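Structure record follows, encoded as structure tokens.
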Amino acid sequence: MNIFATLKTRIEAVIGALIAEGLLPHGLDTSKVSAEPPREASHGDVATNAAMVLAKPAGKPPKELAALLVERLKKVPDVTEASVAGPGFINLKLADEIWRSGLRDVLAAGSSYGDSTAGKGEKINVEYVSANPTGPMHVGHARGAVVGDALARLLAKAGFAVTKEYYINDAGGQVDHVARALRARYLQALGKITEDNVQGLLARKEIMYGGDYLVPVATALVARDGDKWAASTDEKVWIPPLRDFTVAYMMKMVKEDLAALGVQHDIFSSEKALVDAGKVDNALKFLADSGLTYTGLLEPPKGKAPDDWEPRPQLLFKATDFGDEVDRPVKKSDGSWTYFAGDIAYHKDKVDRGFNNLVNVWGADHGGYVKRVQAALKALTDNKGALDVQLCQMVRVLNNGEPVKMSKRAGTFVTLRDLIDEVGKDVVRFIMLTRKNDAPLDFDYAKVMEKSRENPVFYVQYAHARGRSVFRHAKEMFPTADLSDAGLAKADLARLTDPDEIGVLRALANWPRTIEGAALVHEPHRLATYMYDLAAQFHGLWNKGNDATELRFLQAGDQSVSCARLALVRGVGLVIASGLAVFGVEPVEEMR
RNA sequence: GCGCCCGUAGCUCAAUUGGAUAGAGCAUCUGACUACGAAUCAGAAGGCUGGAGGUUCGAGUCCUUCCGGGCGCGCCA
């Protein structure tokens, strides 16, 4: 248990004692009582709002209640000072020893420090990337991939049973379009048509794909099937095999790209497989049986009616019963299922697999789609299921402030591979996690490689590398000392007395609650801020040793103090490393 | 026209989920290197949190409304 949770239970015990003595009413709800580090360090180590949230139900003015609590809190173990401040906050000061014992906890837990049981082992499904198998992955996919992957790792660290999932949209018209484009490249590869012919074909409205990336696919198809698909002009003959071929090829590319990013999914779910298994029909029958679908007409969108609008009866899902703006079509007017119908089936499938807690990571252009899927999930689970959709805003790729639009490799948009080639996997991952995902992000090649405080990746990695460097020196200086985590835990930590040293220990004690908080609200980027701040404190302490040499971590004549400080350095390194692990980033041993 | 997201220092962004005097970096100004790597650090200055109402002990955060920006808006996926 972390220090703040410990203090909270002790505060609750004090309240309980006051209730038992009849000084506070029975049945007092303490669920809103908090024990948090105050923003302002001068306010002490822990602040509680107990007096303020309990004042009304207890029928006492906040200040009076606070005074009562303060008297008792002063006697609580590890509390050295308690005082009332502002409107009724109670500020506690703790003995330095509690922070030192926190450091021992870090060393004992190692890389699992900060792990939480908040998730109670509950199953949660995180679906992310889910890029259509129609072409190479681009920057936008990269952001979704990193955010989803880090969120999944974060939730796992916070005690959830996480499944990482990818939904392959391999059933709709998009993949047919790619098949048509592939056919053009295929005929070209066979020498039957020229590049000009290809461009002519690709310019046709129904063929929206066909970048150069299809050329090797066509070559591979020729290698496998020869000219088997060249003769027939009937799409029905060649679309299915070409579609399957390209989907398989594209998914292989997608998986390679994701592997290069260090992203791995547990499950790949196929839309086509859902359709073929009849799950769409089943899901919609389920809704129909619940009386949640009907055949009706939709109003045209207000203020922006399409020119060719004409009302047509369609099968609609009663999304408005579950908080959506309008009812949503599940069948096209030709009677075939809409994409939404497939998505209903897919989410039903997730529910049937035991997930009531779902997270989807989507691009911001799908924002308009959120409510209807949430409505569908509520309908499918009798309002029990929860779906959180994390929307990722655009990434602007820049180089020294100049927009980069084209890929060097693919010649069209900036691909995920471009990013990795340019700056490396770890930098891509970290930078993608420095902003909350619903805010646009600038990704500047030059800036993210800069070696300065401006660049959070560098700054955090530098702190880690500096710590490792201290240990390299320590091994020479104290060749017989036990510098393992277990050995350092036995160091005389009472030698850590400088306010800035204690300050770093306080920061380490905040790691577990940072993890829990970030996991609960699905915001992995919070860890980036934490790591940056911890790095800043560490660099500050380091530099203090430049002037005050007695504060340097290593003191040649004093192994005892050196080991205490090495324990601190190691604690910082462990926490940074465990934060980077959530981000899927390797901590570096030294900067080069 | 409707819906969703966003609006915080000159710039780029935080802010413990409703907590106290809203914090960092950059830029500006002032300092610290015969170094456990100064690739860093210490300090100064910078704010009516887009505007106006409301909810309460307490609002950047929640509600209403307006202004400004982004995304989306029947049978595309």
Side-chain angles (χ1 to χ4, degrees), chain A residues 4 32 34 36-40 42-43 47 49 51-53 55-56 61-62 85-89 91 132 134 169 171-175 177 208 271 297-306 309 311-312 314 316 324-326 328-334 336 338-340 342-343 363-371 391 393-394 434-436 438-440 442 450-456 458-459 462 465-466 469-474 477 510 513-514 517-518 520-521 523 525-526 528-529 532-533 536 539-547 549 552-556 562 565 569 590-591:
Chain A
F4 299 98
K32 284 193 168 173
S34 66
E36 298 173 334
R39 286 187 188 174
E40 183 70 37
S42 65
H43 289 146
N49 61 358
M52 288 181 292
V53 297
K56 196 176 270 182
F89 281 99
N91 292 327
N132 290 350
T134 53
N169 297 137
Q174 303 280 9
V175 283
H177 292 322
M208 353 197 282
E271 182 186 4
L297 295 173
L298 279 177
E299 296 290 318
K302 291 184 179 57
K304 193 196 168 253
W309 176 271
R312 284 178 187 163
Q314 290 178 275
L316 301 173
D324 202 357
E325 315 300 324
V326 292
R328 302 293 181 177
V330 290
K331 264 190 185 176
K332 305 176 192 173
S333 48
D334 69 4
S336 62
T338 60
Y339 177 79
F340 179 46
D343 234 5
D365 54 342
H366 291 70
Y369 197 70
V370 175
K371 276 193 177 179
L391 297 176
Q393 280 289 348
M394 296 277 292
T434 51
R435 298 270 179 270
K436 43 169 153 329
D438 57 6
D442 280 355
E450 209 169 89
K451 293 171 175 174
S452 76
R453 181 165 189 167
E454 272 185 87
N455 177 7
F458 163 77
Y459 192 68
Y462 184 36
R466 272 185 148 176
S469 151
V470 176
F471 271 84
R472 287 192 290 272
H473 284 272
M477 194 179 281
N510 250 317
R513 49 191 306 282
T514 303
L520 240 49
V521 295
E523 289 187 358
H525 80 276
R526 287 173 180 230
T529 308
Y532 185 84
D533 289 344
H539 288 309
L541 183 57
W542 177 295
N543 248 63
K544 217 174 160 187
N546 283 340
D547 297 330
T549 55
R552 295 186 179 185
F553 300 130
L554 299 180
Q555 301 289 329
S562 299
R565 290 173 182 171
V569 172
E590 55 184 326
M591 307 305 290

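Quick note on labels: first sequence line is chain A, next is B, and so on, each numbered from 1. This structure is a prediction, so every number in the text was calculated from the model and none was measured.
Residue A:W542 places at least one side-chain N or O closer than 4.0 Å to OP1 or OP2 of B:A38. Distances shown here put a side-chain N or O of A:K56 below 4.0 Å from the OP1 or OP2 atom of B:C57. Side-chain N/O atoms of A:H525 include one lying less than 4.0 angstrom from OP1 or OP2 on B:A15. At B:C76, one or more side-chain N or O atoms of A:K332 fall inside 4.0 Å of OP1 or OP2 (strictly under the cut-off).
Nearer to the 5' terminus of RNA chain B, by closest-nucleotide assignment, is the contact made by A:R552 (compared with the other of A:D334 and A:R552). Ranked by how close their nearest RNA chain B nucleotide is to the 5' end, A:G368 and A:Y462 are led by A:Y462.
A distance of about 10 Å separates the C1' atoms of B:G10 and B:U28, rounded to the whole Å. For B:A45 and B:G3, the C1' atoms lie 43 Å apart once the distance is rounded to whole Å. Comparing the same atom, P, in B:G43 and in B:C26 gives a spacing of 14 Å after rounding to whole Å. Here, B:A22 and B:A27 have their P atoms 25 Å apart, quoted to the whole Å.
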For this session: Check the pair A:T338 / A:R328 against side-chain contact (heavy atoms from CB on, under 4.5 Å), numbers first and verdict last.
Result: CA-CA 10 Å; A:T338 60; A:R328 302 293 181 177; over 6 Å; no
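Contacts of A:P61 with the nucleic acid, taken as non-hydrogen atoms under 4.0 Å apart, are absent. Counting any heavy atom pair closer than 4.0 Å across all strands shown, A:D533 reaches no nucleic acid atom.
The nearest whole Å value for the distance from the NZ atom in A:K32 to the P atom in B:U56 is 13 Å. As rounded to whole Å, 8 Å separates atom P of B:C33 from atom CG of A:D547. Across the protein-nucleic acid pair, A:F89 atom CZ and B:U21 atom C1' stand 12 Å apart, rounded to whole Å. Note: CG (A:N546) to C1' (B:A38) measures 7 Å, nearest angstrom. Atom pair A:R453:CZ and B:C13:C1' shows a separation of 14 Å (rounding to whole Å applied).
For A:E523 (side chain) and A:A518 (main-chain N/O), no donor-acceptor pair under 3.5 Å exists by modelled atom type.
The minimum heavy-atom distance linking A:Q555 with A:T549 is given by the pair NE2-O, 2.9 Å. The shortest non-hydrogen separation linking A:P87 to A:M52 is CG-SD, 3.8 Å. A:Y369 approaches A:F340 most closely through the heavy-atom pair OH-CA, 3.2 Å.
The side chain of A:Y532 has B:G25 as its nearest neighbour among B:G3, B:G19, B:G25.
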Exercise. Reading RNA chain B 5' to 3', how would its secondary structure be written in dot-bracket notation, given Watson-Crick and G-U pairs with both distances under 3.5 Å, brackets [ ] for crossing pairs and | for partners on other strands?
Worked result: (((((((..((((.....[...)))).(((((.......))))).....(((((..]....))))))))))))....
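Aromatic ring pairs are classed by plane angle as parallel below 30°, tilted from 30° to 60° and perpendicular above 60°; the pair A:F553 and A:W542 is perpendicular.
In this pair, A:H43 lays its aromatic ring flat on the base of B:A20, centres within 5.5 Å and planes under 30 degrees apart.
Under the salt bridge (Lys or Arg N to Asp or Glu O under 4.0 Å) criterion, A:K371 pairs with A:E325, sequence neighbours left out.
Judged by distance alone with a 3.5 Å cut-off, a donor-acceptor contact links the side chain of A:R526 to the base of B:U17.
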